[in-house]
Trainee: 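My questions all concern the structure below.
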Protein chains: 2
Amino acid sequence: MSKKTTIYDIAKELNITAATVSRALNNNPKISAKTKELVFETAKKMHYEQNKLALALKSGKSFNVGVIVPRIDSNFFSSVIRGIEEELYPEGYHVIICQTHDQQELEIKNINSLLNAQVDGVLMSVSNANIEKLDGFKSLLKKNVPLIFFDRKKNIKNVSTITIDDYKGAYDATKHLIDQGCKRIAHLSNNRKLEIFKNRYLGYKQAIIDSGLTFDENLVVESFSKVLEGRKQTKLFLEMDNRPDAIFSSSDFTALGAIQEITSYGLRIPEDISVVGFSNEPFTKFMELSITSVDQSPREMGRIAAQIFLEEVNNDAKVKSEKHVVLSPELKIRKSSQKF
Amino acid sequence: MSKKTTIYDIAKELNITAATVSRALNNNPKISAKTKELVFETAKKMHYEQNKLALALKSGKSFNVGVIVPRIDSNFFSSVIRGIEEELYPEGYHVIICQTHDQQELEIKNINSLLNAQVDGVLMSVSNANIEKLDGFKSLLKKNVPLIFFDRKKNIKNVSTITIDDYKGAYDATKHLIDQGCKRIAHLSNNRKLEIFKNRYLGYKQAIIDSGLTFDENLVVESFSKVLEGRKQTKLFLEMDNRPDAIFSSSDFTALGAIQEITSYGLRIPEDISVVGFSNEPFTKFMELSITSVDQSPREMGRIAAQIFLEEVNNDAKVKSEKHVVLSPELKIRKSSQKF
């Protein structure tokens, strides 16, 4: 790769200082018209394009916004991103995406890369891995780059968040299973150090208690949001002496794994075991045995996250404030849990 | 948002020139140790972090690589990106993703945003929309930023490509349907100005001709790669007097739409109508009526695209060369087409 032309190359070519080239390109009045013309012609000849970024270094604006998500191949996150784009494009902003694969190391690298790319803000859903540590965020906060968390958040002063009411989503889902006659409802949870999974667990637990059923901690397991993990954990449930008659999963992917495992045991869904997922991924609707799931309005979430960013970036006030928006989820009842 | 601290702010604070600040930060020997210390201390106090990007402006390296795809919410593209990341992370590169939604305007904006973010290269699958125009690419090529096309490409001198043999994928898929006894095979195509769809069409056509069946242009329609589009076009096939006994779709999403429409007519798959898709999206395997599809080894494609980038970026030779890698696709035979 040949190097990009820089102001230093132009300076060398013209035997003047880089500072003079820079001033000429920035139309500094101290530079003569003749020099400016010479610099512009040389810059053009050498395919130098005055970089918006170099200007950004001075103005503090690049009109690029960074979005960091655990994974792009989930409909939930790609829909949030769509919502963000819909809101930001008309305002002249461009969206750059990075994924963390739930690895803390990548999360920090993402933040640094986006800072180096001079983004005007970062909209982010944190990874499973980086729950208690805040180090990675310090560089962002120090630089006064607006940071907004969506869905998976950390509690940081002055940082706005947009989440859904996971507690309510889980409560409604579990209540629905109880209304369908289920009495022993297992829960496929995930890392409960992450608030969303903790709240789904708490909503599930409270619905059981409120209905007068016995809450059994043995029916709660943690697993990653993967189809195969769902199969593995469900196998353990099915091997129990007193196996559950329903599974409420904190993820559609583990719910799909549960369905595959239950079917491989020759058991019927929902007659023998009912299954409910979380996120309303499109496949839950496509499947012949469609899966009941909790819709999280991801597009709306993205739009609101973007609106909060715009408010922050356009706010010149020195006083900082934070905003916390909580969306209400909607249960989509389908074949995997509807007995009548 | 308060402005980011720049060398100009530090210069003002210390009442010295920005050039001096810059030289001090870059450890220029012409600057005294005392001044350097003063500049470093002030920079630290003002939360200035010497930007890797500012250095990149000089060195021509940011270690960010841009990836542009039509959409992130397809398993094919997210798997290619995974492959690119797997290959580039160990080399110290970071991956920034943009999506075009098949809109030409966004494609050009993506390129410009990535250039402004000082990426060291762009790995890209072109949008449907921007097939004949090359304007958007000129800025990239002029700046000598390596450009590599994967899957959907344009033919540009000195630009390397990695694709799969779409012709063979389509030929094999169609041949399989013929081997299963299908005689009137329809084709859900897409914009054939794009080479991948043209080649799938040609492979399909040739397999029919080679098998001595009659090729009927009326059985070929173009549609976008969306479930509902697949339903709409399939409805037209089903309303024909002499309806097809198989559908080969250039997309898994339209194949899914075809299946939904065929089922809604009370017809059986594969007995009445067989269906084959293209891309091997995970849902094709998950579905109870699993869908036969053509696997494109997306992860491998991503890894190879990244390897080509690394070769180009590490090549100091003035002589440019281009590389064209073509992967061989693999037909995954499943329930939607397997009669015996």
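For clarity, every value in this text was computed on a predicted model and none was experimentally measured. Labels below follow one simple rule: chain letters A, B, ... track the order of the sequence lines, proteins then strands, and each chain is numbered from 1.
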Trainee: Find the one option among A:Asn110, A:Leu289, A:Leu114 whose heavy-atom pairs under 4.5 Å with chain B are most numerous.
Mentor: A:Asn110
Trainee: Side-chain contact, heavy-atom cut-off 4.5 Å: B:His94 with A:Cys98?
Mentor: yes
Trainee: Heavy-atom distance under 4.5 Å between the side chains of B:Asn116 and A:Phe63, does that happen here?
Mentor: no
Trainee: Heavy atoms only, distances under 4.5 angstrom: which of B:Ile72, B:Ile7, B:Val67, B:Val95 has the most pairs with chain A? Name it, please.
Mentor: B:Ile72
Trainee: Hey, does A:Gln99 have a side-chain heavy atom less than 4.5 Å from the side chain of B:Ile81?
Mentor: yes
Trainee: Give the member of A:Glu85, A:Glu288, A:Met287 that has the highest number of heavy-atom pairs under 4.5 Å with chain B.
Mentor: A:Glu85
Trainee: How about residues 256-264 of chain B versus chain A: which residues have heavy atoms under 4.5 Å apart?
Mentor: B:Leu256, B:Gln260
Trainee: For chain B, which of A:Ser78, A:Ser113, A:Ala18 has the most heavy-atom pairs under 4.5 Å?
Mentor: A:Ser113
Trainee: Can you sort out the partners of B:Lys12 under side chain to side chain donor-acceptor pair (under 3.5 Å), two or more places apart, ordered by chain and number?
Mentor: none
Trainee: What I'd like to find out is whether the side chain of B:His101 reaches to under 4.5 Å of the side chain of A:Arg82, using heavy atoms alone.
Mentor: yes
Trainee: Quick one: what part of B:Asp73 sits under 4.5 Å from any heavy atom of chain A, side chain, backbone, both or neither?
Mentor: both
Trainee: The criterion is salt bridge (Lys or Arg N to Asp or Glu O under 4.0 Å); which residues satisfy it with A:Glu86, sequence neighbours excluded?
Mentor: A:Arg299, A:Arg303
Trainee: So, using side-chain contact (heavy atoms from CB on, under 4.5 Å) as the criterion, who are the partners of A:Pro70 when residues are at least two apart?
Mentor: A:Phe77, A:Thr100, A:Asp102, A:Ser125, A:Arg152
Trainee: Heavy-atom distances under 4.5 Å only: say whether B:Val227 touches chain A with side chain, backbone, both or neither.
Mentor: side chain
Trainee: Under 6.0 Å from the CD atom of B:Glu311, do we count more than 12 heavy atoms belonging to anything else shown?
Mentor: yes
